[in-house]
Amino acid sequence: MFRRSLAVVVLALLAGGCQQPADPAPVTPPTVAPVSSPVAFNLKLGAGQRLTMRSEAPGACPGLDAWVDLGGRRSVRLAAYATTCSTDGNGRIGNGRHGVYRSAADVPADRRATAITVQTALGAGIVFSQQYYECTNSCSNYTEPVAVIALDHPADPAFPTLIVISEKGTIDLDHMTALLREQLLA
């Protein structure tokens, strides 16, 4: 009896192993996430990507502070600085300071010299790399891709620019450029 039951179980397992795999779950189309204040645009999010808005106090710098989780430990930060925000320290990037770029003019000349221009759905932007460091007991160095996009149609004239930065360089310059062209929507 035991042998017969065992044979039936083995045959059932073998027969099950020969079946075609089930169709995978359908892939859902990208999600479009709106961002409305103080800059207005849409962000196309792919599978596994997530937009998190950080709340800021009124009048704070930056006026927009958001985080896009791209999956796989890759991310970018979205920021918009008012024309009244201080740019002190843009020449000293590190230990939590990633730069305050109200416009391309706020980018130090050495970084602007190596920047490329990228056309996005929101307006033309410059994309460059900057060196960033963090030190506590020891130091780590990173290369961060940064985009400074002059908005064609700013929702608030006090915020004429959108900044996209891969803090600590979790994506490279090519991926940044692709993200700007493919995921930023008007």
Taking the side chain as everything from C-beta on, heavy atoms only, tell me whether [X] gets closer than 4.5 Å to [Y].
{"X": "N90", "Y": "V100", "answer": "yes"}
{"X": "L64", "Y": "M53", "answer": "yes"}
{"X": "E182", "Y": "P30", "answer": "no"}
{"X": "T114", "Y": "S129", "answer": "no"}
{"X": "R111", "Y": "I93", "answer": "yes"}

Quick check on side chain to side chain contact (heavy atoms under 4.5 Å, CB included): which of V76, D172, V146 does S166 satisfy it with?
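It is V76, the one option of V76, D172, V146 that forms the side chain to side chain contact (heavy atoms under 4.5 Å, CB included) with S166.
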Under 3.5 Å, is there a donor-acceptor pair between the side chain of [X] and the main chain of [Y]?
{"X": "T120", "Y": "L180", "answer": "no"}
{"X": "Y81", "Y": "S103", "answer": "no"}
{"X": "Q183", "Y": "K44", "answer": "yes"}

Enter the distance from [X]:[atom1] to [Y]:[atom2] here, rounded to the nearest 0.5 Å.
{"X": "I149", "Y": "I163", "atom1": "CD1", "atom2": "CD1", "value": "8.0 Å"}
{"X": "D69", "Y": "L51", "atom1": "CG", "atom2": "CG", "value": "10.5 Å"}
{"X": "L70", "Y": "L179", "atom1": "CG", "atom2": "CG", "value": "6.0 Å"}
{"X": "E167", "Y": "E134", "atom1": "CD", "atom2": "CD", "value": "9.0 Å"}
{"X": "F128", "Y": "T117", "atom1": "CZ", "atom2": "OG1", "value": "12.0 Å"}
{"X": "S86", "Y": "D106", "atom1": "OG", "atom2": "CG", "value": "9.5 Å"}

Quick check on the hydrophobic clustering: are [X] and [Y] connected, directly or via other members, by side-chain heavy-atom contacts under 4.5 Å?
{"X": "V32", "Y": "L162", "value": "no"}
{"X": "F159", "Y": "V164", "value": "yes"}
{"X": "W67", "Y": "Y101", "value": "no"}
{"X": "L45", "Y": "V35", "value": "yes"}
{"X": "M176", "Y": "I126", "value": "no"}

Can you name the closest pair of heavy atoms from P145 and G169 and give their distance?
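Minimum heavy-atom separation between P145 and G169: CD-CA, 4.1 Å.
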With side-chain contact (heavy atoms from CB on, under 4.5 Å) as the criterion, how do R77 and D65 come out once you've worked through the C-alpha distance, each side chain's angles and the decisive distance to 0.1 Å?
CA-CA 7 Å; R77 180 180 177 210; D65 193 8; 2.7 Å; yes
Which pairs count as side chain to side chain donor-acceptor pair (under 3.5 Å) when at least one residue sits in residues 143-154, sequence neighbours excluded?
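Side chain to side chain donor-acceptor pair (under 3.5 Å) check on residues 143-154 returns H98-E144, Q130-E144, Q131-T143.
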Should we say atom CZ of R50 is surrounded by more than 12 heavy atoms from elsewhere, each under 6.0 Å from it?
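No, CZ of R50 has 12 or fewer neighbouring heavy atoms, counting only those of other groups under 6.0 Å.
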